[in-house]
Amino acid sequence: MLYLALLYGDQDQTAKPGTPQWDQELAGYVTFGERNGAAIRGGAALHETPHAVTVRTGAGEPLVTTGPFAETTEVIGFYVLEADSLDDAIEMARQIPAAELADGGIELRPVVQAYDSRPEGAPVPPPMSAPDDAPPRWLALIHGKETEGDQPGTAAWDEGNAAHGAFSERAGDALWGGVAVHPIATATTVRVRDGEVQVTDGPFAEGAEVVGGLYLFAPMERDRAVALAADVPGEAIELRPIMEFGS
């Protein structure tokens, strides 16, 4: 089974490139990848929230604002993990360095469906890196209040699934993948404090409107990514550029 692991943390307190702490954290992600490479189906670290853009849809023109969807719950990265059971997914999640951040943790959500439409030879997003001058890939997080349409097997789910299918066709080569997850009631949060693993039922942030899934956009300029996000079905889309390894 696939699990979406959302990495949360306070980016004001995370390591900055070029510092010893950054090198230490990067080494931790490299070690995680080496230990669990066969189970990692995707993943990315995200640029800091000042680079985020939120697109809210509804009646009239989309509302585009600078910044993340919710200031208090910062997603700093994600993985898609393959595991035989939730216990196995938790075992992997506890090894992710973000689980040890003072204000951080890992939210696990079982995946309903996922697809990878990257061109052959296209890079899998790395766990952490530095930017370069090329247009970035983008992560589009789908936010909104949970409704019947988030319940697999319902007529509302099927209707929403058709809408996302139509979006995928319109997006074409600009879309490199996507993940839809089970409702928030299935979430599990993993934290590591002083070496002790803490596992709780429920999402990382109880008060925030939930992430119902995500899309991965191909490399493109910001304006094009915003226009593409405005076409994604959902209440609000948080766009974040992905950090890339230098050559």
Side-chain angles (χ1 to χ4, degrees), residues 1-11 14 25 28-29 31-46 68-70 72-116 124-128 139-146 150-153 157 177-216 238 240 242:
M1 185 171 186
L2 295 179
Y3 290 85
L4 174 63
L6 293 172
L7 284 54
Y8 284 91
D10 183 348
Q11 290 189 323
T14 56
E25 287 190 8
Y29 282 99
T31 298
F32 172 75
E34 291 174 345
R35 290 176 178 171
N36 302 281
I40 298 172
R41 293 291 174 261
L46 307 179
F69 176 78
T72 57
T73 55
E74 298 179 10
V75 177
I76 61 175
F78 81 97
Y79 285 105
V80 177
L81 306 173
E82 185 172 12
D84 291 335
S85 67
L86 176 59
D87 286 343
D88 290 340
I90 290 170
E91 171 61 25
M92 281 189 281
R94 74 169 185 82
Q95 302 171 42
I96 300 172
E100 299 186 29
L101 293 176
D103 294 318
I106 313 298
E107 180 184 309
L108 291 172
R109 298 275 295 280
V111 170
V112 180
Q113 58 189 25
Y115 72 94
D116 184 345
V124 174
M128 186 176 288
L139 186 71
L141 293 163
I142 305 171
H143 288 274
K145 295 179 180 178
E146 204 163 72
D150 296 296
Q151 305 293 327
W157 168 273
V179 173
V181 292
H182 281 276
I184 198 66
T186 65
T188 302
T189 297
V190 181
R191 298 176 175 89
V192 178
R193 299 293 184 267
D194 297 323
E196 180 180 348
V197 181
Q198 302 175 359
V199 179
T200 55
D201 293 333
F204 177 82
E206 295 287 349
E209 292 181 317
V210 303
V211 174
L214 58 82
Y215 282 112
L216 177 64
E238 179 184 330
R240 300 280 294 281
I242 289 174

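If you're wondering where the values come from, they're calculated on a predicted model, not measured in any experiment.
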S.K.: Which heavy-atom pair separates Ala89 from Ala83 by the least distance, and what is that distance?
M.R.: N-CB, 3.7 Å
S.K.: Any idea which heavy atoms bring Tyr215 and Gly178 closest together, and the distance?
M.R.: CD2-CA, 3.9 Å
S.K.: If we only count heavy atoms from C-beta on, is the Tyr3 to Val80 side-chain gap below 4.5 Å?
M.R.: no
S.K.: Taking all heavy atoms of Val190 and all of Ala99, pick out the closest pair and write down the distance.
M.R.: O-CB, 4.2 Å
S.K.: Roughly how far, to the nearest 0.5 Å, is CD of Glu107 from CG of Leu7?
M.R.: 11.0 Å
S.K.: Search all heavy atoms of Thr186 against all heavy atoms of Pro183 and return the closest pair with its distance.
M.R.: OG1-O, 2.6 Å
S.K.: Are Asp84 and Met1 close enough that some pair of their side-chain heavy atoms sits under 4.5 Å apart?
M.R.: no
S.K.: Verify the ring-centre separation between Tyr79 and Phe32: is it less than 6.0 angstrom?
M.R.: yes
S.K.: What verdict does the side-chain contact (heavy atoms from CB on, under 4.5 Å) test give for Val211 and Val181, after you've listed the backbone C-alpha separation in whole Å, the side-chain angles of each residue and the deciding distance to 0.1 Å?
M.R.: CA-CA 8 Å; Val211 174; Val181 292; 5.8 Å; no
S.K.: Does Arg109 use its side chain to pair, donor to acceptor, with the backbone of Leu6 at less than 3.5 Å?
M.R.: no
S.K.: Measure across Glu82 and Met92 and return the closest heavy-atom pair with its distance rounded to 0.1 Å.
M.R.: O-CE, 3.4 Å
S.K.: Are the side chains of Thr188 and Ile90 in touch, meaning some heavy atoms are under 4.5 Å apart?
M.R.: yes
S.K.: Nearest 0.5 angstrom please: Asp87 CG to Glu91 CD, how far?
M.R.: 9.5 Å
S.K.: With rounding to the nearest 0.5 angstrom, report the CG to CG distance, Leu46 to Leu141.
M.R.: 7.0 Å
S.K.: Looking only at heavy atoms, what is the nearest atom pair of Ile76 and Gly9, with distance?
M.R.: CG2-O, 3.8 Å
S.K.: Do Val179 and Leu216 have side-chain heavy atoms sitting under 4.5 Å apart?
M.R.: no
S.K.: Could you check whether the rings of Tyr8 and Phe204 sit parallel, tilted or perpendicular, using 30° and 60° as the cut-offs?
M.R.: parallel
S.K.: Can you tell me how far the CD1 atom of Ile106 sits from the CD1 atom of Ile96, to the nearest 0.5 Å?
M.R.: 4.5 Å
S.K.: Calculate, to the nearest 0.5 Å, the distance between atoms CG and CG belonging to Leu81 and Leu2 respectively.
M.R.: 8.5 Å
S.K.: Check Leu101, Val197, Thr200 against Arg191 for a side chain to side chain contact (heavy atoms under 4.5 Å, CB included) and give me the one that passes.
M.R.: Thr200
S.K.: Once rounded to the nearest 0.5 Å, what's the spacing between atom CG of Leu108 and atom CG of Leu4?
M.R.: 8.5 Å
S.K.: Do any N or O atoms from the side chain of Glu146 and from the backbone of Ile184 form a donor-acceptor pair under 3.5 angstrom?
M.R.: yes
